[in-house]
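Reading through the structure tokens given below for one structure.
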Amino acid sequence: MLVMTRWDKTTRILLLSGRFDKTARVPVETALASGEGRQCKHVVLDFAKVSSLDSAGIGKLLLLYYSLRKNGVALT
């Protein structure tokens, strides 16, 4: 999984490519942790270049959603 990051004001956009499975957790969390000192109120995951998504990846998405929501950040 390759993750590229873009910003649009307080929205962080993660451009994902490759397989989104249980191993995607590390690159996605690493990209989110490198906040560049900016306030983030919204995270957008762009799946346009994701080749596959398995059930473990869906589970990781749910965990990410609840983790972000707990911190007041929306996930799309």
Can you confirm whether [X] sits close enough to [Y] that some side-chain heavy atom of one is under 4.5 Å from a side-chain heavy atom of the other?
{"X": "L45", "Y": "L75", "answer": "yes"}
{"X": "F20", "Y": "I58", "answer": "no"}
{"X": "S34", "Y": "E29", "answer": "no"}
{"X": "C40", "Y": "W7", "answer": "yes"}

Item to complete: Output, in order, the C-alpha distance, side-chain angles, deciding distance and verdict of side-chain contact (heavy atoms from CB on, under 4.5 Å) for T5 and R12.
Response: CA-CA 7 Å; T5 304; R12 176 176 242 164; 3.3 Å; yes

Worksheet item: Does L64 belong to the same Ile/Leu/Val/Met/Phe/Trp/Tyr cluster as I13, with side-chain heavy atoms less than 4.5 Å apart forming each link?
Response: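 L64 does not cluster with I13.
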
Worksheet item: Among L16, L14, L15, whose side-chain contact (heavy atoms from CB on, under 4.5 Å) with F47 holds?
Response: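 When side-chain contact (heavy atoms from CB on, under 4.5 Å) is applied between F47 and each of L16, L14, L15, only L16 qualifies.
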
Find the distance between [atom1] ([X]) and [atom2] ([Y]) and round it off to the nearest 0.5 Å.
{"X": "M4", "Y": "D46", "atom1": "CE", "atom2": "CG", "value": "12.0 Å"}
{"X": "L68", "Y": "K41", "atom1": "CG", "atom2": "NZ", "value": "14.5 Å"}
{"X": "L61", "Y": "Y66", "atom1": "CG", "atom2": "OH", "value": "12.0 Å"}

Practice prompt. Could I get the full list of side chain to side chain donor-acceptor pair (under 3.5 Å) partners for T76, not counting sequence neighbours?
Written response: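 In terms of side chain to side chain donor-acceptor pair (under 3.5 Å), with neighbours along the sequence ignored, T76 is linked to H42.
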
Item to complete: Sort and list the pairs that fulfil salt bridge (Lys or Arg N to Asp or Glu O under 4.0 Å) and have at least one residue in residues 52-71, not counting sequence neighbours.
Response: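 Found none.
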
Fill in: side chain to side chain donor-acceptor pair (under 3.5 Å) pairs, two or more places apart, involving residues 15-24
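Side chain to side chain donor-acceptor pair (under 3.5 Å) check on residues 15-24 returns R19-D21, R19-S52, D21-T23.
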
Fill in: Donor-acceptor contact present, side-chain S67 to main-chain L63, <3.5 Å
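No.
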
